[in-house]
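To keep things clear, I will list the structure first and then write my remarks on it.
Because only heavy atoms are used, hydrogens play no part in the values below, and waters and symmetry mates are left out as well, while side chains stay in.
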Amino acid sequence: MPELPEVETIRRQLDEAVTGETVLRVQVLDPLLVAPESPNRFRRSVEGRTVAGLGRRGKYLLVELDSGDTLAMHLRMTGRLHHTPSGRGPADAHRRARFTFGDGSTLDFSDTRRFGRAWIVPADHPDPEGYWRARVGVEPFDRAFTPQRLGALLAGRSAPVKASILAQRLVAGVGNIYADEALFQAGVHPARPAGSLDAAEVAALRDAIRDRLRAGIRSGGASIDRYRDTIGKAGTMQDMLRVHRHEGDPCPVCGTTVVKIRVAQRGTYLCPECQPTG
DNA sequence: ATTTTCCCCTGCCGGC
DNA sequence: TGCCGGCAGGGGAAAA
């Protein structure tokens, strides 16, 4: 579910809500959430620690603790984080963990499909930068995300360009929704071999990725199904999607019927007129 | 090395 | 109505 804009929305809200607060209690209701670490070990790393700040790498949410440890979380498909000032979180059969803070508020990690994970990147990790570099590539809003950089990442690849921008090790934070929307805006067919884009197409794609992700952040994320922010509110980006989940609808630019195909094992929406194969 | 396939989970939806 | 296959915004491991 959550891609960069959704995780960024959550990061900003949590930074506001829990930075400076001390975690009094950690309850792990589903050991799978912290596997392969033991719930007790996980709990001991977090209880008593104060939140120094909230970070993000791609779709990874990072809770920096005063111990120097990082509590890393990934929401995967259906994970949610719900913060409740009163401490009385909503009844939820899919709650996997609860963090209780010094101000009496609680943070619930709930996850229907149980793909989400939480784990500790320890303060004494020998190479934290390398740890993240192995998982996530360039941040779309980093100065380093230039057309030249994207071009270098795509050059020589035969895989579909959509698969390449979905690859987190290349570009961090783009998921299925924003990939479809960015490729549409750039006028690039998702199944085109990544290395076949010319410089103008690469530049258009880079601008489109930034533009669509920015729109997603501004609108509080896309709540197609499960996504909600930390106070349970839906975003509005779903109302601004132009092709994703719009199979059979007219293209907002040219009126041609939007089609759904399969690219990189993912449902993929596009306008065959605006995004020619050639 | 890169690319593709399979898998992890649960719920929902459409077709028969 | 009920069952079944397919699909879902994620990524990691294994296979090709």
Side-chain angles (χ1 to χ4, degrees), chain A residues 1-10 29-36 56-61 72-81 92-96 109-119 131-137 152-184 190-196 209 212-213 215-217 219-229 234-248 260-270:
Chain A
M1 112 181 151
E3 307 181 25
L4 187 154
E6 289 74 28
V7 179
E8 178 62 18
T9 299
I10 290 168
L29 297 101
D30 181 359
L32 187 59
L33 177 71
V34 298
R56 180 186 60 73
R57 295 292 290 259
K59 304 172 192 170
Y60 294 83
L61 182 69
M73 297 192 267
H74 199 301
L75 301 172
R76 293 289 185 97
M77 300 281 271
T78 53
R80 280 190 197 178
L81 285 167
D92 184 354
H94 302 295
R95 184 150 50 91
R96 307 297 172 194
F109 190 132
S110 87
D111 186 7
T112 306
R113 286 175 70 182
R114 305 171 71 204
F115 285 158
R117 291 292 182 272
W119 68 100
Y131 177 88
W132 291 112
R133 202 164 47 240
R135 289 161 178 76
V136 293
L153 291 171
L154 301 182
R157 294 184 183 276
S158 61
V161 60
K162 180 174 175 183
S164 298
I165 61 173
L166 284 176
Q168 299 302 299
R169 278 163 214 218
L170 301 183
V171 182
V174 178
N176 207 34
I177 297 175
Y178 295 95
D180 281 355
E181 294 298 303
L183 286 161
F184 169 73
R192 291 264 308 280
S196 75
I209 289 172
R212 292 298 83 199
L213 291 176
I217 294 171
S219 55
S223 293
I224 288 178
D225 184 14
R226 290 276 309 168
Y227 171 75
R228 295 294 184 277
D229 67 12
T236 58
M237 186 64 192
Q238 65 279 3
D239 302 326
M240 296 163 60
L241 301 181
R242 310 202 256 236
V243 289
H244 188 81
R245 302 253 178 156
H246 280 289
E247 181 183 20
K260 181 184 184 185
I261 64 175
R262 199 122 186 117
V263 176
Q265 287 71 248
R266 315 295 297 278
T268 299
Y269 301 83
L270 65 109

query = Quick one: A:Asn176 CG to C:dA8 P, roughly how many Å, whole number?
reply = 8 Å
First and last nucleotide of DNA chain B, 5' to 3', lying under 4.0 Å from heavy atoms of chain A = B:dT2 to B:dG11
key: Exam field: side chain A:Ser219 to backbone A:Ala215, donor-acceptor pair closer than 3.5 Å   = yes
task = State whether the side chain of A:Arg96 and the backbone N or O of A:Asp111 hold a donor-acceptor pair below 3.5 Å, judged by distance alone.
result = yes
message = Just to be sure I understand the rule, does A:Arg117 reach a base, reach only the sugar-phosphate, or reach nothing, if contact means heavy atoms closer than 4.0 Å?
response = nothing
key: Gap between atoms CE and C1', on A:Met73 and C:dG10 respectively (whole Å)   = 16 Å
task = Please list every stem that involves DNA chain B, where a stem is a run of 3 or more consecutive Watson-Crick or G-U wobble pairs with both pairing distances under 3.5 Å.
result = B:2-8 with C:10-16, B:10-16 with C:2-8
ask   = What string of B, S and - do you get for nucleotides 11-16 of chain C, 5' to 3', when a contact is any protein heavy atom under 4.0 Å?
value = SS----
request  = Could you check how far CG of A:Leu4 sits from P of C:dG10, rounded to whole Å?
outcome  = 12 Å
Whole-Å distance separating the CG atom of A:Asp111 from the C1' atom of C:dA8 = 13 Å
message = Between A:His246 (side chain only) and A:Leu241 (backbone N and O only), is there a donor and an acceptor less than 3.5 Å apart?
response = yes
inquiry  = Salt bridge check, A:Lys59 against A:Glu3: does any charged N sit closer than 4.0 Å to a carboxylate O?
reply    = no
Distance-only side-chain donor-acceptor flag, A:Lys260 / A:Thr268, under 3.5 Å = no
key: Atom P, compared across C:dC7 and B:dT5: separation rounded to whole Å   = 14 Å
ask   = To the nearest Å, how far apart are A:Tyr227 OH and C:dG10 C1'?
value = 16 Å
key: Any donor-acceptor pair under 3.5 Å from A:Arg157 side chain to A:Leu153 backbone   = yes
key: Distance in angstrom units between A:Ile224 CD1 and C:dG10 P, rounded   = 10 Å
task = Considering non-hydrogen atoms only, spot the tightest contact between A:Val243 and A:Tyr269 and give its length.
result = O-CB, 3.1 Å
task = Report yes or no: is the cationic atom of A:Arg117 (NZ for Lys, CZ for Arg) under 6.0 Å from the centre of the six-membered ring of A:Phe115, at an angle within 45° of the ring normal?
result = no
task = Give A:Gly267 one of three labels, base, sugar-phosphate or nothing, depending on what nucleic acid heavy atoms sit under 4.0 Å from its own.
result = sugar-phosphate
key: Under 3.5 Å donor-acceptor, A:Arg57 side chain and A:Tyr60 backbone   = no
ask   = Okay, side chain of A:Glu6, backbone of A:Tyr227: is any donor-acceptor separation there less than 3.5 Å?
value = no
message = For a quick check under 3.5 Å, do A:Asp92 and A:Ser110 share a side-chain donor-acceptor pair by atom type?
response = yes
